[in-house]
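Just so it is clear, the structure is predicted and the values come from calculations on it, not from any experiment. Note: hydrogens, waters and symmetry copies are ignored here, and every other heavy atom, side chains too, is used.
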Number of protein chains: 2
Amino acid sequence: MRPQKALDKEVINGLTEVFCSKGYEGASLQDLAAASGLKKASLYHRFPDGKKEMADAVFLHLHDFIQQNVFDVLQDDNLKPEVRLQIALDNIAVLYDGGKRTCILRALSMEAGIDLFGKQIQDGMKQWIERFERIGVELNLSTEVANDYALQTLIDIQGSLVLTRGIGNTNIFDRTLKNISKRYLE
Amino acid sequence: MRPQKALDKEVINGLTEVFCSKGYEGASLQDLAAASGLKKASLYHRFPDGKKEMADAVFLHLHDFIQQNVFDVLQDDNLKPEVRLQIALDNIAVLYDGGKRTCILRALSMEAGIDLFGKQIQDGMKQWIERFERIGVELNLSTEVANDYALQTLIDIQGSLVLTRGIGNTNIFDRTLKNISKRYLE
DNA sequence: GTTTTATTACCGACCGTTCGATAAATTACT
DNA sequence: AGTAATTTATCGAACGGTCGGTAATAAAAC
């Protein structure tokens with residue numbers, strides 16, 4: 001290897017940053033190479049199926065993070081539901097970098113992305129709803145109300161991310177996370 | 001003119017459809033030409049500054065619609081505030097085609113769009129908030145609560161549009177509009 | 001010395017954009 | 001009114017540049 005070669009973590013994090021901020025079509029191979037610390041052709045060595053495989057890897061990488069730091073936390077039997085919810089929300093704040101990073105589900109739901117990732121996006125969103133439904137039930141909400149709350153939670157997260165990016169102020173995202181917490185715990 | 005030449009309405013509606021569904025970078029001149037009924041070169045006759053000018057025209061066109069059918073309605077002194085709000089929400093449903101069409105503010109807030117349209121997106125969102133703040137005050141909310149409601153209204157609209165597109169079911173959008181109405185009127 | 005990884009050079013396709021020619025609509029002149 | 005002159009609108013073809021993707025080669029690692 002020439003200078004100091006790309007750690008896998010640097011590669012995946014670079015790809016993630018580009019896909020999240022520019023979407024699928026907006027992310028050029030040049031961008032992806034620059035952000036990952038590899039040359040274009042080297043990326044093709046690691047991801048022989050090209051751009052789509054890179055985006056898949058990012059999707060999977062984020063899904064793993066969410067699985068561990070949100071979904072699993074939400075059903076960790078060692079903790080009280082109220083605590084689980086709070087930790088999960090804190091981790092969501094990390095996931096979206098306090099509102100500065102866009103959700104990959106949204107980033108890929110524009111333009112060409114919806115054709116390539118439609119099913120994965122749909123499944124991903126359904127999982128979010130499902131997990132928040134469960135924590136709602138565990139917090140003694142009726143299944144109906146738990147469903148309402150779960151949907152609203154997703155809407156709040158996605159909507160506040162849109163507003164935060166559009167207006168350029170992370171206060172909206174912060175406040176929204178607190179509101180979600182309040183809705184469940186008060 | 002040769003066959004039956006492109007009505008301006010067909011042109012702007014076609015461009016709108018493409019930019020909203022594909023974003024700025026995702027919208028190719030080929031797409032835009034096909035959707036507008038004009039050839040690429042003809043588009044450049046109408047929009048000498050190219051793609052950016054086309055997107056500007058779409059932005060302006062939608063802003064006009066919103067101004068007339070949402071903002072102006074919300075402060076139409078001939079109607080009671082409750083009625084104005086309801087009509088505005090109905091028109092919002094039309095604007096977003098019942099949840100099937102993405103908001104241009106969101107479509108352009110990804111990727112390259114945010115560099116080109118950042119200021120316009122920010123101003124557009126602020127106007128939405130401002131107008132909903134006012135109707136809240138007219139409905140006898142305190143300025144603080146009116147601000148909360150306005151922000152939440154925007155979050156609800158944007159968030160439900162994201163979910164609706166991701167999950168592929170317009171129920172979420174419909175329900176959200178009803179919830180907004182309820183929040184103000186109950 | 002073979003295999004794995006990285007890099008340079010390159011490919012055809014498509015990108016946004018422009019040019020030049022032509023047809024249609026409008027204006028000017030009689 | 002009729003016709004010539006001018007402007008406006010449309011389009012095919014092509015531009016340079018970048019796109020995603022690929023060989024061929026060099027370097028590292030084993």
- Message: According to ring-ring contact (aromatic ring centres under 6.0 Å, His included), who are the partners of A:Y44, at least two apart in sequence or on a separate chain?
- Response: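 Counting only residues at least two positions away or on another chain, A:Y44 forms no ring-ring contact (aromatic ring centres under 6.0 Å, His included).
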- Item | Residues in ring-ring contact (aromatic ring centres under 6.0 Å, His included) contact with A:Y96, at least two apart in sequence or another chain |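 A:Y96 satisfies ring-ring contact (aromatic ring centres under 6.0 Å, His included) with no other residue.
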Among Ile, Leu, Val, Met, Phe, Trp and Tyr joined by side-chain contacts under 4.5 Å, find the other residues sharing a cluster with [X] and list them by chain and number.
X: B:V83; answer: B:V73, B:L79, B:I87
X: B:V137; answer: none
X: A:L60; answer: none

Check your understanding: Would you say A:R46 reaches C:dT4's phosphate, i.e. side-chain N/O to OP1/OP2 under 4.0 Å?
Key ->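 No, because none of the side-chain N or O atoms of A:R46 sits under 4.0 Å from OP1 or OP2 of C:dT4.
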TODO: Compare side-chain N and O positions of A:S28 against OP1 and OP2 of D:dC19 and report whether any pair is under 4.0 Å apart.
DONE: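 Checking D:dC19 against A:S28, a side-chain N or O does come within under 4.0 Å of OP1 or OP2.
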message: I need the residues from residues 49-59 of chain B with at least one non-hydrogen atom less than 4.0 Å from DNA chain C; give them sorted by number, or say none.
response: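 B:G50, B:K51 - these, ordered by number, are the residues of the stretch whose heavy atoms sit under 4.0 Å from the strand.
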Exercise. Please state how far atom OH in B:Y44 lies from atom P in D:dC15, giving the value in whole angstrom units.
Key: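 Answer to the nearest Å: 17 Å.
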Suppose the criterion is ring-ring contact (aromatic ring centres under 6.0 Å, His included): which pairs have a residue in residues 61-85 of chain A, not counting sequence neighbours?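 For residues 61-85 of chain A, and leaving out neighbouring residues, the ring-ring contact (aromatic ring centres under 6.0 Å, His included) pairs sorted by first residue read A:F71-A:W128.
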Could you identify which residues of residues 13-27 of chain A place a heavy atom less than 4.0 Å from some atom of DNA chain D, listed by residue number, or say none?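 Nucleic-acid contacts, sorted: A:A27.
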Identify, with sequence neighbours excluded, every residue that meets side chain to side chain donor-acceptor pair (under 3.5 Å) alongside A:R106.
->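 With neighbours one apart ignored, the set is empty.
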| query | Does the side chain of A:Q68 come under 3.5 Å of the side chain of A:D64 through a donor N or O and an acceptor N or O? | reply |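 Their side chains do not contain a donor-acceptor pair, so the 3.5 Å distance test is not met.
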Using the 3.5 Å cut-off, write out each protein N or O paired with an N or O of nucleotides 1-3 of chain C and the distance between them.
none

*side-chain contact (heavy atoms from CB on, under 4.5 Å) partners for A:R134, two or more places apart*: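 Once residues adjacent in sequence are excluded, the partners of A:R134 under the side-chain contact (heavy atoms from CB on, under 4.5 Å) criterion are A:Q75, A:E130, A:R131.
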Show every donor-acceptor pair shorter than 3.5 Å between a side-chain atom in residues 173-182 of chain A and any protein atom, with sequence neighbours excluded, or say none if there are none.
residue: A:R175; atom: NH2; partner: B:D148; partner atom: OD1; Å: 2.6
residue: A:T176; atom: OG1; partner: A:I172; partner atom: O; Å: 2.8
residue: A:S181; atom: OG; partner: A:Q86; partner atom: OE1; Å: 2.8

